[in-house]
A.B. asks: 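Structure provided below as structure tokens; questions to follow.
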Amino acid sequence: MTGKTCAGTVVRGLSKDFEPREVYLYHVVDNEWSMREYGAQAVVWQTAVNPIIALELLAEGSWHGSGVLGPEAFDPLPFLDKLREYGSPWEMREQ
């Protein structure tokens with residue numbers, strides 16, 4: 001299988017200046033790369049890498065808290081940095 005897949009999300013809210021802001025945060029994975037590096041198709045890899053990174057950040061103490069917390073409760077930068085370390089650089093586009 002060849003080709004690339006893109007996983008992303010549109011985030012709408014207010015900027016630090018309380019102005020409306022919308023960004024598209026995404027990362028593209030090449031199937032040939034993910035098969036070669038991890039033995040998994042790009043879509044499978046993109047699905048699996050997110051909880052792996054979250055667990056690493058919890059285990060090393062970069063993310064912490066108690067109770068049931070959603071992803072928005074955590075600093076996103078350590079997650080995005082780990083995504084790059086795993087070989088999937090992310091990008092952000094202002095809408």
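Values below: all heavy atoms of this structure, side chains included; hydrogens, waters and symmetry mates excluded.
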A.B. asks: Quick one: ring-ring contact (aromatic ring centres under 6.0 Å, His included) pairs with a partner in residues 46-72, sequence neighbours left out?
C.D. replies: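 Only Trp63-Phe74 qualify under ring-ring contact (aromatic ring centres under 6.0 Å, His included).
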A.B. asks: I want to check something: taking the side chain as every heavy atom from C-beta on, are Val28 and Tyr26 in contact at a cut-off of under 4.5 Å?
C.D. replies: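 In contact.
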A.B. asks: Hydrophobic clusters join Ile, Leu, Val, Met, Phe, Trp and Tyr when side-chain heavy atoms are under 4.5 Å apart, directly or via other members; which others share one with Val68?
C.D. replies: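 Members besides Val68: none; it forms no cluster.
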A.B. asks: Determine which pairs satisfy salt bridge (Lys or Arg N to Asp or Glu O under 4.0 Å) with at least one residue from residues 29-41, sequence neighbours left out, and list them in order.
C.D. replies: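 Output for this query is empty, none listed.
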A.B. asks: With a 3.5 Å cut-off and sequence neighbours excluded, list the donor-acceptor pairs that the side chains of residues 40-50 form with protein atoms.
C.D. replies:
| residue | atom | partner | partner atom | Å |
| --- | --- | --- | --- | --- |
| Gln46 | NE2 | His27 | O | 3.1 |
| Thr47 | OG1 | Val43 | O | 2.9 |
| Asn50 | ND2 | Gln46 | O | 2.7 |

A.B. asks: With a cut-off of 3.5 Å and sequence neighbours excluded, list every side-chain donor-acceptor pair involving residues 54-61.
C.D. replies:
| residue | atom | partner | partner atom | Å |
| --- | --- | --- | --- | --- |
| Glu56 | OE1 | Lys82 | NZ | 3.2 |
| Glu56 | OE2 | Tyr86 | OH | 2.3 |
| Glu60 | OE2 | Ser62 | OG | 2.8 |

A.B. asks: Using the rule given for side-chain contact (heavy atoms from CB on, under 4.5 Å), can you reason through Met92 versus Tyr24, listing the C-alpha separation, both sets of side-chain angles and the distance that settles it, and then say yes or no?
C.D. replies: CA-CA 6 Å; Met92 185 173 71; Tyr24 179 51; over 6 Å; no
A.B. asks: In this structure, would Leu83 and Ile52 fall into the same cluster of hydrophobic residues linked by side-chain contacts under 4.5 Å?
C.D. replies: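 Shared cluster, yes.
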A.B. asks: In a table with atom names and distances, give each donor-acceptor pair under 3.5 Å that connects a side chain of residues 3-20 to protein atoms at least two apart or in another chain.
C.D. replies:
| residue | atom | partner | partner atom | Å |
| --- | --- | --- | --- | --- |
| Arg12 | NE | Glu22 | OE1 | 2.5 |
| Ser15 | OG | Asp17 | N | 3.2 |
| Ser15 | OG | Glu19 | N | 3.1 |
| Ser15 | OG | Glu19 | O | 3.4 |

A.B. asks: Is there a side-chain contact (heavy atoms from CB on, under 4.5 Å) between Arg21 and Gln95? Walk through the geometry before answering.
C.D. replies: CA-CA 8 Å; Arg21 185 175 180 201; Gln95 302 280 75; over 6 Å; no
A.B. asks: Are Val29 and Met35 linked, directly or through intermediate hydrophobic residues, by side-chain heavy-atom contacts shorter than 4.5 Å (ILVMFWY only)?
C.D. replies: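 Each belongs to a different hydrophobic cluster.
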